[in-house]
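Each remark here refers to the structure printed beneath this line.
The figures here come from the full heavy-atom set of this structure, side chains too, leaving out hydrogens, waters and symmetry mates. First listed ligand is number 1; within each ligand, the first listed atom is number 1.
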Amino acid sequence: MKVANEFRVPLWVVSRGKNFAYGGAAPVLSGSVVLDLSRMNRILEVNEKFGYALVEPGVSYFDLYRYIEERGLKLWLDVPDPGWGSVVGNALDHGVGYTPYGDHFMMQCGMEVVLPTGEVVRTGMGALPGNNTWQLFKYGFGPYVDGIFSQSNFGIVTKMGIWLMPEPAGYRPYLITFPREEDIEQVVEIARPLRLNNVIQNAATIRSLVLDAAVFAAKSQYYHGDGPIPDSVARRIMEDLEIGMWNFCGALYGPPPIMDALWTAIRDSFSSIPGAKFYFLEDRKRRPDILAHRAETMRGIPKLTEFGFLNWNGGGGHVGFSPVSPTTGEDAIKQYRMVSRRVREYGFDYMGLMAIGFRELHHVTVVVYNQNDPEEHRKIDELFALLVREAAAEGYGEYRTHIHYMDMIARTYSWNDNALMKMHEKIKDALDPNGILSPGKSGIWPKHLRERSDA
Ligand SMILES: Cc1cc2nc3c(=O)[nH]c(=O)nc-3n(C[C@H](O)[C@H](O)[C@H](O)COP(=O)(O)OP(=O)(O)OC[C@H]3O[C@@H](n4cnc5c(N)ncnc54)[C@H](O)[C@@H]3O)c2cc1C
């Protein structure tokens with residue numbers, strides 16, 4: 001940091017640098033030096049009694065899982081789909097997983113941070129010398145500052161606490177399939193009170209037909225025409241893979257009588273949707289199978305299986321469009337129609353999922369395209385800008401984005417003459433006077449580059 005400050009060299013920090021769908025390890029500003037923390041990979045503590053780990057940024061989900069398994073600790077991780085990502089980088093970018101601990105930043109507790117000028121601070125209880133609760137109580141005393149080090153360029157997190165789930169007494173993953181596009185409206189309307197009351201215990205997902213099909217199959221197995229698959233092909237895929245137009249993947253955790261009671265409530269609620277089908281793992285015989293795959297993820301086993309969907313077209317390029325919406329049926333179907341119509345208009349298949357938070361949906365759409373075709377790049381760029389504009393006009397904002405679109409998304413959060421961005425810039429200037437750390441992250445530019453980014 002000292003050298004970078006002295007020579008005014010811009011740094012771009014990554015933990016494991018696997019932020020695929022949002023830019024990988026690449027910096028926003030060309031010419032930045034990538035500060036790769038992947039070799040700071042010590043697991044400093046795993047505490048079984050209280051259920052937490054204290055890790056350095058280079059620790060991947062695979063590393064932490066292996067550590068826990070080798071020692072036979074009764075703790076479960078919460079993992080995003082790519083097991084090779086870092087516990088720290090994923091949480092800092094507001095990443096999500098699929099157990100009851102699915103909101104990773106909510107589960108972080110206590111940080112050590114190197115500020116852009118080189119001072120080292122500890123947040124929360126960590127600021128009290130000799131404390132014994134750094135990973136147990138998030139807030140400490142005074143302003144809660146951990147949030148300003150997430151999706152930002154205000155500091156480098158070099159240690160972070162993350163809460164881990166005690167191994168439950170029982171586990172039962174389930175899949176509910178729904179046959180029609182428009183079912184998403186009723187599914188979300190039914191899911192909201194169940195989630196708010198913890199009857200749906202985990203960060204469950206409602207996944208679209210092509211997304212689920214693409215994890216294990218290539219488009220060419222079903223369709224050779226141009227553009228998105230027609231309805232007749234969609235129906236064939238549904239029959240062939242025993243999945244629906246929408247697939248609700250959830251899981252029950254806890255002692256068997258509790259799981260039985262929760263399942264009765266879930267089943268009774270979703271039975272009101274005509275054609276809904278209910279499955280446990282033992283009801284799914286074919287392999288590979290989407291529930292068998294998701295069952296491992298919802299139990300915190302890190303993998304890379306989900307990357308299969310990049311083979312759908314064979315082109316390997318992909319970008320995530322991830323607006324947030326309220327958990328109402330009305331918003332879900334509106335979101336789905338807005339996004340899927342545009343995606344298909346541009347010749348792509350709609351591959352999306354709605355991840356159910358407590359009060360909101362992350363509607364993540366992945367557009368898979370041919371990365372070697374400049375025309376597809378052009379189309380993606382045009383499509384993405386259109387999606388962002390149309391979403392913002394209806395009050396939907398992205399929770400996270402690709403490095404290429406950070407300014408674009410930041411500009412949509414403009415309430416009161418961009419008051420929030422102005423505050424970010426004040427913090428940036430105070431903490432990073434030479435403007436060396438991750439210029440352009442989340443649309444936040446140091447003073448000397450602001451003019452340039454506006455241009
Ligand atoms: C097929 C597929 C499935 C995916 N599924 C999921 C999913 O289920 N859930 C999910 O959340 N994501 C998902 N992603 C997105 C992404 O790949 C993962 O979130 C991945 O874990 C991010 O990479 P990383 O953990 O190595 O983070 P990094 O690349 O290390 O970090 C991400 C960003 O955080 C900041 N940062 C990193 N480390 C620090 C630090 N120490 N201090 C300050 N700032 C820092 C940087 O700006 C960096 O660019 C998916 C992507 C693909 C392609």
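For atom 36 (N) of ligand 1, the closest non-hydrogen atom of the protein is Val13 O, 4.0 Å. Annotation: atom 53 (C) of ligand 1 to nearest protein heavy atom, His318 NE2, 3.4 Å. Among all protein heavy atoms, the one lying closest to atom 26 (O) of ligand 1 is Lys18 N, 2.9 Å. In terms of protein heavy-atom proximity, atom 21 (O) of ligand 1 is nearest to Asn90 ND2, 3.2 Å. For atom 9 (N) of ligand 1, the closest non-hydrogen atom of the protein is Val96 O, 2.8 Å. Ser15 OG, 2.7 Å is the protein heavy atom nearest to atom 38 (N) of ligand 1. Taking atom 13 (C) of ligand 1 as the reference point, the nearest protein heavy-atom neighbour is Pro82 CD, 4.0 Å. With hydrogens left out, the protein atom closest to atom 42 (N) of ligand 1 is Val157 N, 3.0 Å, a heavy atom.
A side-chain N or O of Gln108 and one of Asp146 form a donor-acceptor pair less than 3.5 Å apart. Counting only N and O atoms by type, the side chains of Tyr399 and Asp93 include no donor and acceptor under 3.5 Å apart.
Each of the atoms 42 (N) of ligand 1 lies under 4.0 Å from some heavy atom of Ile156. For ligand 1, the atoms sitting less than 4.0 Å from at least one non-hydrogen atom of Gly95 are 11 (O), numbered in the order shown with element in parentheses. Heavy-atom proximity to Phe309, at under 4.0 Å, picks out these atoms of ligand 1: 1 (C).
At a heavy-atom cutoff of 4.0 Å, ligand 1 is contacted by the side chain of Leu37 but not by its backbone. Contacts between Lys441 and ligand 1 below 4.0 angstrom, taking non-hydrogen atoms only, involve the side chain exclusively.
In the candidate list Gly23, Ser86, Ala203, Gly89, Gly89 is nearest to atom 31 (O) of ligand 1, counting heavy atoms. Proximity annotation for atom 19 (O) of ligand 1: of His94, His104, Arg400, Arg400 comes nearest, heavy atoms only. Of the options Asp78, Val87, Leu437, Leu92, the smallest heavy-atom separation from atom 39 (C) of ligand 1 is shown by Leu92.
A cation-pi contact links Arg71 to Tyr67, judged by a cut-off of 6.0 Å to the six-membered ring centre and 45° from its axis. The cationic atom of Lys379 (NZ for Lys, CZ for Arg) lies less than 6.0 Å from the six-membered ring centre of Phe348 and within 45° of the ring axis.
Heavy-atom separations between Tyr98 and ligand 1 include at least one value shorter than 4.0 Å. Using a non-hydrogen distance threshold of 4.0 Å, Trp84 does not register as a contact of ligand 1. Ligand 1 lies nowhere less than 4.0 angstrom from a heavy atom belonging to Phe149. Distances from ligand 1 to the non-hydrogen atoms of Gly155 include at least one value under 4.0 Å.
For Glu306, no nitrogen or oxygen atom sits less than 3.5 Å from a nitrogen or oxygen atom of ligand 1, counting backbone and side chain alike. Considering backbone and side-chain atoms together, Phe20 places an N or O closer than 3.5 Å to an N or O of ligand 1. Annotation: Tyr22 places no N or O atom under 3.5 Å from an N or O atom of ligand 1; distance criterion only.
Every side chain to side chain donor-acceptor pair (under 3.5 Å) that Asp63 has, sequence neighbours left out, goes to Ser60. For Arg389, the salt bridge (Lys or Arg N to Asp or Glu O under 4.0 Å) test picks out no residue, with sequence neighbours left out.
Here the side chains of Tyr350 and Tyr336 are in contact, with some heavy-atom distance below 4.5 Å. No side-chain heavy atom of Pro57 sits less than 4.5 Å from a side-chain heavy atom of Val157. No side-chain heavy atom of Cys249 sits under 4.5 Å from any side-chain heavy atom of Tyr98.
For the atom pair CD1 of Ile162 and SG of Cys109, the computed distance is 9.5 Å after rounding to the nearest 0.5 Å.
With Thr365 contributing its side chain and Gly352 its backbone, the two residues share no donor-acceptor pair below 3.5 Å.
Between Asp429 and Arg450 a salt bridge is recorded (basic side-chain N to carboxylate O distance below 4.0 Å). Between Lys422 and Glu425 there is no salt bridge, since no side-chain nitrogen of the basic residue lies less than 4.0 Å from a carboxylate oxygen of the acidic one. We find that Glu242 and Arg286 are not joined by a salt bridge, their nearest charged nitrogen and carboxylate oxygen being 4.0 Å or further apart.
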